[in-house]
Amino acid sequence: MISKSTSGHITSGMSAAAKSTSTTALIGNPLEPDRSFQQATAAKHKTPTNVDSTSTKVQALCYFGQVCGWATLAIAATMGTVLFAVPAMLHRQQMSILSPESHAVNTSNSSSNTSSGVWWPKHASFALIALDALCDWVAFAVREFVYVGLARSRIQAALLGSLAHAQMSEIWRNSDYHLVSVIRCSERATPLGVHTFLADSVTNIASLGLSVYSSLRLSYDVLVALTAASAGVVYLRTHKDSTLAAIQKHRRRAVLATEKAVHDLFSGSLVIRIHGVYGEFSGRLRELESRQQAVEALANAVLFTTYLLHYAVDTALTLALIGTILATAADGLRPTPADVQYYYETAARSLALLSQLVVIKNNATNHSLVLQELCDVGSMAAEAPWHIATKAKKANARQSRPARGAIEFDSCSLRYNRDSILALSRVSFVIGEGEHVGIVGRTGAGKSSLLQALLRLVELEAGTIAIDGVDVSELGLHDLRRSVSVVPQAAALIEGSVRSNIDPFDEHNDTQVRDAIKACQLEELGADKQIESGGRNLSGGQQQLISICRAVLQRRKILVLDEATANVDKRTAAVIEGVIRREFKHSTVLVIAHRLEATASCDRIIVMDGGRVAELDSPSNLAAKNDGIYAALLRTAAATIDMATDADAVAIKKQARIN
Ligand SMILES: Nc1ncnc2c1ncn2[C@@H]1O[C@H](COP(=O)(O)OP(=O)(O)OP(=O)(O)O)[C@@H](O)[C@H]1O
């Protein structure tokens, strides 16, 4: 997706900066990592309220799921005792229908007893089945209409909103692949399974009542056997639950690693083919797949043994019941087949109830794993507001399109994250209206970080940046970013015509578009040429020309070129430099470059070194400083460039000869 302004450029610029993780240019005397870094930037730029509240809701849902899960487990764990042991102790004499006293009563009033005590729960069982079906239906309706219809799209919107607002450091911390996978997972996962939990709760509460009532009629021995069996079932289920939850985490990691390897295999297929290392990659893929299979086999083994134990407990329970009944029969009591069936049904129902509760807890745990990932993405730290809303700041907002384009950095310090060294350290300079300034320096010197700071892609830790005297920290981010055009090293191109790429929001008329295309020598392509996604069907030079053409059409007072000519041939570089000289004569232009030829025509040069401004002067004055960094860079450049074909190269050679 491309934003209305230069977001395509900016994104590419950022990823280029993100890639440059070299630490060769360490700051001479780095400050200690600032512990208040996060709080300071968070306080300075409040998280937008809608994202804040939505991520809080998702967080709340997650906690709710965990509470539901643990509450269910607590009920399950205590139920064995409450359901059987307590009634057994309270009503030991009265409820033992196989005790001699109650047996006497039973045999004398067998018909009335059967109708009031034994058959009533059986009718209730049928009612329970109907209730269960009804609840399932309601649960299905809740899932389809409430979650799929309403909640899912909102959760996805919240996730995408969070990604769009997230600070760049948050995006850099996560791999693209992980973020895509989380968004996809929000489509599949039903957070919490709240609907099934609620539906099951209704049936469970009814079942519980029925079990309590039924258990009042069981003998003490049967109750003890049931209690022991229940405790066993709860233990086994819980054990399986926690083991599976742990395995589930490993499994998910293994699946993600395999999917990422497949993704890398395709996205890097060009490099893989060039270096002929397909075998190594596919070997790694096979290794990951076999690791995934091993984790899955382990999960199956755990499941299998748990089920075996589960059935062993069930069998033990059945034997205990039969033994108890035989023992009471040996005491001279004769249980009827209906008695035996009744005991067994009660026991089975109670155990099924316990198992179900633990299963719900298990589901809640799995859902909370997914939710945790959703929450991590949903609660990414947000960057500053895109637009200024308060009346007090409207005055500044009006000035967000700079009329002159003067830039002032005042004691600016920046670090990418709280534990890293300063990428910019007390940087100060003033660039006048319409000035063309080159920014040079060795790898990692802090050149691109100046751009990050100017566009507030990373917030300053200290200092201020002003454009035409307005502190940029008081502007909405979109307002600020729309005042600057950026041409990054790799052009960001979308699928569509040349026209839709240089004027994606149809803001300019045909004449303006035609003139811009002509100025950038793109007539050969024309406005209607279809471009494939990422500009696959264009050469690198053509891609950069379209990028510069976009900037020409935008006509902003400030233009930044971040290594814009680094990957193009000399002819295309000359075309781009010519366009800049002609079309941006009255704009402020910052040219970040490794190749000194690209900055040869600039009014002044800023030489960055270790995050500081080491030198700042006109190219000729800098070249004259024999022991200066710029002069040293010139000497290196002069030794390598081909002076026969390039006017700028000749100029550089001349400058270098001054020394
Ligand atoms: N996204 C990032 N996360 C963490 N550190 C970063 C990031 N981008 C840059 N840095 C660090 O900031 C410092 C300055 O990097 P910067 O990209 O500004 O240098 P540069 O002069 O533009 O280098 P190059 O010419 O190689 O692009 C380096 O130490 C680098 O490691």
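Small disclaimer: the values here were computed from a predicted structure and weren't measured. Every number for a ligand or one of its atoms is a count from 1 in the order of the listing. Because only heavy atoms are used, hydrogens play no part in the values below, and waters and symmetry mates are left out as well, while side chains stay in.
Listed by number with element, the atoms of ligand 1 under 4.0 angstrom from any heavy atom of H594 are 24 (P), 25 (O), 26 (O). Listed by atom number, the atoms of ligand 1 under 4.0 Å from S449 heavy atoms are 14 (C), 15 (O), 16 (P), 18 (O). The distance from ligand 1 to the heavy atoms of R442 drops below 4.0 Å at these ligand atoms: 21 (O). Close contacts between ligand 1 and A423 involve ligand atoms 12 (O), 13 (C) [criterion: under 4.0 Å to a heavy atom].
Among the atoms of I421, none of the N or O lies under 3.5 angstrom from an N or O of ligand 1. For ligand 1, the polar-atom distance check finds no N/O of N417 at less than 3.5 Å from any of the ligand's N/O atoms. For ligand 1, none of its N or O atoms has an N or O atom of W172 under 3.5 Å away.
Here the straight-line distance linking atom CD of Q543 with atom CG of N501 works out to 10.0 Å at 0.5 Å rounding.
Between the side chain of S411 and the backbone N or O of G463 there is no donor-acceptor pair closer than 3.5 Å. A donor-acceptor pair under 3.5 Å is absent between the side-chain atoms of R404 and the main chain of I467, judged by distance alone.
Residue contacts with ligand 1 leave out G441, since none of its heavy atoms falls under 4.0 Å from the ligand. Using a 4.0 Å heavy-atom cutoff, S420 is absent from the residues neighbouring ligand 1.
Here the closest heavy-atom approach between residue L616 and residue L622 is recorded as N-CD2, 4.3 Å.
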